[in-house]
> 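There's a structure below that I have some questions on.
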Amino acid sequence: MSIFSACLMCLFMASASGDERPNIVVMMVDDLGFSDIGCYGSEIETPHLDALARGGMRFSQFYNTAKCHSSRVSLLSGQYCIAAGDVALANAVTSAEVLRAGGYFTAMTGKWHLNKQPTNFGFDRYFGHLSGACNYFTGDNTFRLNGQPWKVPDRDFYTTVANVDYALEFLGEARQTNKPWYLYIAFNAPHAPLHALPQDYAKYKGKYDAGWDVARTARAEKQKRLGLLPANLNVSPRPEHIPAWADMEPWRRAYESNRMSTLAAMIDRVDQEVGRLVAHLHANDELDNTLILFVSDNGACPYDRKRPQLDVEPTNGSISLADSTGWSWARNTPFRYYKQNQFEGGISTPAIVHWPSGLKTPPGSINDAPAHLIDVLPTLADLAQCEIPVSWPSRELRPISGVSLKPVLEGQSIERSEPIHLLFSKDRGLRDGDWKAVSFAGTTWELYNVAADRTELNNLAEEDPQRLAHMVQTWTDMARDVLHASPHAYAEVRPAKLPHTHREWTKFDGEPSRVNQKRKRIKPVSQSDIRARKNTALTIENDSIQLQFTGEDPGIAMDLRGGDLVDGPYRVSFDLRGGTKGGGELFYTTDPAATLPKANRVPFDIKADSNWQRVEIELPSDGRIYQLRIDVSSGPGQATIRKLQLGNSRNEVLLSWPSRIVQ
C-alpha cells in the first residue's frame, strides 16, 4: 500500500468513527531490571506504576533486544534492528510516521540514540538528547528542541523531570489540533551515570546495607506472591563472579550500598514523573481512552566502568557512580545474566499496559504470552486503524516481524508465524514456543525448556541435540534471511569457557578512590595511526590532516585494536573543508574480527564549499570500537580535516588525531 492510500484509509476510518481512536503513550526506561519496580517484586517505592498495573495488565514474558539502541529500533519499527537498517532506519518506517500519516499528532521526549533526529522520522515535536547517555544534571551538546540545538540550563535541571515537563507542553499543543495524539517518552534513567536528585537520594540512603543476597531473596519471594512466577520456580543462584555480601570488606559494602541507593532514587523519580503525567491526563479527561505502555530497553547493566568512590553523595552533576554487576544480578531477579546477554536477565523486563476503555482483561491480570518490542508498531497501527505502508520515499522497506497484541488486550491469544529471534553483537538466542536456545558471547549453544525452567538452570543440549540443532538452524536462517545480517554475525560458535566472564563486570579486587579518576595523557601518535586508503595521499600540516584524492574509493582509516578503550556509545567529530558534496560516509565495527566496510555505516552530509564545516556523528553502539573509516570524497579531489576526535556520550575526548588522549 502506498503512503497516499494508507493516509486516505486511516483518515476515512477516523472520520467514520468520530475519531474516537485512543491517545497513545509509550514510555521506555533505560537499563531497568525485571524486578526493579514494585509490581514486579521490588522494594523501591513505585506507587504510580503499581497503580497502572493494578488497573491494567502486566506481561511476565515481555522481551527486548538486550541493548539500548537496538531495542529503540525494534520499538519504533516493528523489525529486528539489523533488518530495519540499524540506527539509520534505512529499511523501516517508524510508528510516528505511520500514526502521523493517519491523522495523529506525534511527539517525543528523551533519549534518541539513533541517526539524525526524531523530527526526521515522523515526530511533530521533540525534546531530548540524541546521545546514548548523558549527565542528568548538566546534559550534553546533543540536546534538541524541535530539531534545533537546545542549551541545558546551568541549574535546576534533571533529565527525568525535563522529559515530562516537555511532554506536558507538547500535549497542550496536541489538544489545539483536535487530533488524537501519540507521545513517546524515552527516559534515560536508570542508565549510568548514576546520580540522583538530593531529595530522592535521601529517601534511600542506607536502605541497602543488608546487601544483594537479602534483596534478591526478598524480591523473588514477592514475585511469587504476586503471581509473576510459579511458586515452585527455582531462582538462579548467585554466580561465581559475584561474592557473598558478608564476604566483602566493609568499605566495599558501603560503596555498593551507595550505588543501589542511588539507583533506587533514580527509579523512584521515574515513578514520580509517571504519576505527574497520569495526573495530567486525568485532569484533562483523557486517561480513560489513553493507551499507556511502559517498557524497558534491556535488563540491568553490569558494566562497571569506574573505580570505587567512597564518602560521596552522588546528588549533583559533578559526582556520579558506575553500574554494579552485583546489584544487576539482584535487579534481574530471578534470572541469570544481564544487559547484552540473551539469557532472560538481559531480555525480559517489565511491560505494563493501561487502557480503561480498551482493555478487556481483568484489572491487575498477568499475561504469560511471550511478546517482544517488535510487536509495538503493529499493535499501535492496529489500534489506531492505520495501515503500515510497504513503500516510503528514500527507503527500501522490509516486512515487519512483529505481530499485533490487540488480541491479547482483548483477552485472546496470538499466534506467530516464526520464533522470536534474539541477537546483539555475539550474544544469540531463539525463543520458539516453550523452548529457548541461547549462546553467551558466541560460544556453545545451550537449550532450555523455559515453560518448566524459566531461570535457565537445566541445560538440555546434550539430552535433546536434534531439537537444539533444528533451533540453531532456524536461528541462522532468520539471521540471514529476515535480519539480513552479515555472515560474521552467524558464524560458527566457539567452545564455551566456563564460568562465563566479561572484562567490564565488577572486579572485586579493585582499590577504592576518594577522588574522580583523572585523564591520562600519553605522547602524540604518529601519522601512521591514520592510514590513507587507496587513491588517497595523506600529509599532516599544522595539526591538520591534508588529503589528496586521485581515484575511486578514497578515505582514511584508523585501527583502534591496540590499547585500552572504553565501550560506547561514541561520538566522532571533526572540522572539514572540501570533499564531495552530499557524499560522506563513516564505517565502524565493534567486532574485532570484522573487516571494514562490512560493518556499521553512517552517512553524513558534506557541503563541499570553501568554508569549514563542523561534522558530528553519533555511534550508538554500546560495544567497544575496533576500527573506524571516514570517506569524504567519492573520487578525485581534496579535503582538509582538523580537530578529529573520538569521544564518549559525556563529551569527554577518548582519542584525537594527530595527537591522542586516553581516558
Side-chain angles (χ1 to χ4, degrees), residues 23-32 36-38 44-53 56 72 75 96 105-113 118-119 123-131 133-140 142-146 150 152-153 155-176 181-191 195-201 203 264-287 290-297 317 350 352 354:
N23 297 315
I24 296 169
V25 177
V26 174
M27 293 181 282
M28 173 175 273
V29 283
D30 203 334
D31 292 2
L32 188 83
D36 267 345
I37 57 177
I44 301 170
E45 294 182 23
T46 55
H48 302 103
L49 288 167
D50 298 348
L52 292 178
R72 287 155 216 283
L75 171 76
F105 179 96
T106 60
M108 176 186 171
T109 66
K111 169 178 168 175
W112 179 234
H113 207 185
T119 47
F123 287 100
D124 295 313
R125 302 289 187 273
Y126 172 66
F127 165 80
H129 58 100
L130 307 179
S131 56
C134 73
N135 188 300
Y136 288 72
F137 292 92
T138 63
D140 60 24
T142 72
F143 271 79
R144 300 290 183 269
L145 176 60
N146 298 330
W150 186 85
V152 177
R155 54 181 299 177
D156 300 326
F157 179 82
Y158 191 76
T159 55
T160 307
V161 177
N163 288 336
V164 175
D165 286 343
Y166 276 91
L168 301 187
E169 180 177 314
F170 294 157
L171 291 186
E173 296 181 39
R175 294 184 188 105
Q176 301 302 312
W181 47 259
Y182 166 41
L183 172 65
Y184 170 35
I185 303 178
F187 291 108
N188 55 322
H191 192 292
H195 44 191
L197 287 170
Q199 62 269 34
D200 300 332
Y201 174 79
K203 185 176 178 180
M266 296 167 74
I267 295 166
D268 188 308
R269 173 52 55 179
V270 169
D271 183 78
Q272 293 179 54
E273 297 307 310
V274 170
R276 186 156 66 102
L277 173 66
V278 171
H280 178 82
L281 298 178
H282 187 270
N284 285 274
D285 297 321
E286 292 174 323
L287 185 60
T290 296
L291 169 76
I292 299 176
L293 173 64
F294 176 88
V295 295
S296 178
D297 62 353
I352 302 170
H354 184 273

> Look up atom CE in Met108 and atom CZ in Phe127, then write down how far apart they are to the nearest 0.5 Å.
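Result: 11.0 Å between the selected atoms.
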> Nearest 0.5 Å please: distance from the NZ atom of Lys111 over to the CZ atom of Arg72.
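If we round to the nearest 0.5 Å, Lys111:NZ and Arg72:CZ are 4.0 Å apart.
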> Flag the pair Ile352 / Ile292 as yes when at least one side-chain heavy-atom distance between them is below 4.5 Å, and no otherwise.
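Answer no - side chains too far apart.
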> Side chain to side chain contact (heavy atoms under 4.5 Å, CB included) for Thr138 and Val152? Distances and angles first, verdict last.
CA-CA 6 Å; Thr138 63; Val152 177; 5.5 Å; no
> List for me each residue that meets side-chain hydrogen bond (donor to acceptor under 3.5 Å, both in side chains) alongside Asp124, sequence neighbours excluded, and say none if there are none.
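Only Arg100, Thr106 meet the side-chain hydrogen bond (donor to acceptor under 3.5 Å, both in side chains) criterion with Asp124.
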> Identify, with sequence neighbours excluded, every residue that meets salt bridge (charged side-chain N to carboxylate O under 4.0 Å, His left out) alongside Glu173.
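Partners of Glu173 under the salt bridge (charged side-chain N to carboxylate O under 4.0 Å, His left out) test: Arg125.
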> Could you check whether any side-chain heavy atom of Leu277 comes within less than 4.5 Å of a side-chain heavy atom of Ile185, counting everything from C-beta outward?
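In short, these two side chains touch, coming nearer than 4.5 Å.
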> Residues in side chain to side chain contact (heavy atoms under 4.5 Å, CB included) with Asp50, at least two apart?
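Once residues adjacent in sequence are excluded, the partners of Asp50 under the side chain to side chain contact (heavy atoms under 4.5 Å, CB included) criterion are Cys39, Thr46, Arg54.
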> Working note: Phe294 + Val25, criterion side chain to side chain contact (heavy atoms under 4.5 Å, CB included); need CA distance, chi angles, decisive distance, verdict.
CA-CA 8 Å; Phe294 176 88; Val25 177; over 6 Å; no
> Taking the side chain as C-beta and beyond, is there a heavy-atom pair between Arg144 and Trp150 under 4.5 Å?
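The answer is no; the side chains never approach within 4.5 Å.
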> Does any non-hydrogen side-chain atom of Met266 lie less than 4.5 Å from one of Thr160?
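Not touching, per the 4.5 Å side-chain cut-off.
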> Which residues pass the side-chain hydrogen bond (donor to acceptor under 3.5 Å, both in side chains) test with Asn146, not counting sequence neighbours?
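Listed in chain order: nothing, the list is empty.
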> Among all residues two or more places apart in sequence or in another chain, which pass the side-chain hydrogen bond (donor to acceptor under 3.5 Å, both in side chains) test with Tyr158?
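Partners of Tyr158 under the side-chain hydrogen bond (donor to acceptor under 3.5 Å, both in side chains) test: none.
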> Looking at Tyr126 and Gly110, what are the two nearest heavy atoms and their distance?
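Nearest pair, atom of Tyr126 first, then Gly110: OH-O, 2.7 Å.
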> Do side-chain atoms of Asp140 reach the backbone of Cys134 as a donor and acceptor pair under 3.5 angstrom?
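Answer holds: no.
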> Measure across Thr109 and Asn163 and return the closest heavy-atom pair with its distance rounded to 0.1 Å.
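Heavy atoms of Thr109 and Asn163 come nearest at OG1-O, 3.1 Å.
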> Run the salt bridge (charged side-chain N to carboxylate O under 4.0 Å, His left out) test against Asp268 and tell me which residues pass, sequence neighbours left out.
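Counting only residues at least two positions away or on another chain, Asp268 forms a salt bridge (charged side-chain N to carboxylate O under 4.0 Å, His left out) with Lys203.
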> First locate atom CD of Glu45, then atom CD of Gln272, and finally report the distance between them rounded to the nearest 0.5 Å.
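Rounded to the nearest 0.5 Å, the CD-CD separation comes to 9.5 Å.
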> Strictly distance-based, threshold 3.5 Å: is any side-chain N or O of Asp31 a donor or acceptor partner for the main-chain N or O of Pro190?
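Judged by distance alone, no pair lies under 3.5 Å.
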> Side chains of Asp297 and His191, heavy atoms from C-beta outward: is any pair under 4.5 Å?
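No, side chains not in contact.
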> Within the distance-only criterion (no hydrogens, no angle test), does the side chain of His48 pair as donor or acceptor with the backbone N or O of Asp271 below 3.5 angstrom?
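It does hold such a pair.
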> Of the non-hydrogen atoms in Asp30 and Asn188, which two are nearest, and what is the gap between them?
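Answer, listing the atom of Asp30 first, then Asn188: CB-O, 3.4 Å.
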> Supply the atom-to-atom distance Phe123 CZ to Trp112 CH2, rounded to the nearest 0.5 angstrom.
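Going from CZ on Phe123 over to CH2 on Trp112, the span is 6.0 Å.
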> Would you say that Leu171 contacts Leu281 through its side chain, given a criterion of any heavy-atom pair below 4.5 Å between the two side chains?
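In short, these two side chains touch, coming nearer than 4.5 Å.
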> Starting at NE2 of His354, measure out to CG of Leu49 and round the result to the nearest 0.5 Å.
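Between His354 NE2 and Leu49 CG, I get 11.5 Å after rounding to 0.5 Å.
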> Please examine the side chains of Pro350 and Leu32, heavy atoms only from C-beta on, and report whether any two atoms are closer than 4.5 Å.
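The answer is yes, as the side chains (C-beta and beyond) meet within the 4.5 Å cut-off.
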> Judged by atom type as modelled, is there a donor-acceptor pair below 3.5 Å linking the side chain of His195 to the main-chain atoms of Tyr136?
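Yes.
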> Just wondering, do Phe105 and Gln176 contact through their side chains at under 4.5 Å, heavy atoms?
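Contact flag for Gln176/Phe105 side chains = no.
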> Taking the inter-plane angle between the rings of His129 and Phe143 on a 0 to 90° scale, is it parallel (under 30°), tilted (30 to 60°) or perpendicular (over 60°)?
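Tilted.
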> Ignoring hydrogens, what is the shortest heavy-atom contact between Ile24 and Thr290? Give both atom names and the distance.
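Scanning both residues, the minimum pair turns out to be N-CG2, 4.4 Å.
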> Which heavy atom of Val274 sits nearest to which heavy atom of Leu52, and what is that distance?
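Nearest heavy atoms, Val274 then Leu52: CG1-CD1, 4.0 Å.
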> How far apart are the closest heavy atoms of Ala189 and Val270, and which atoms are they?
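Closest approach of Ala189 to Val270: CB-CG2, 3.6 Å.
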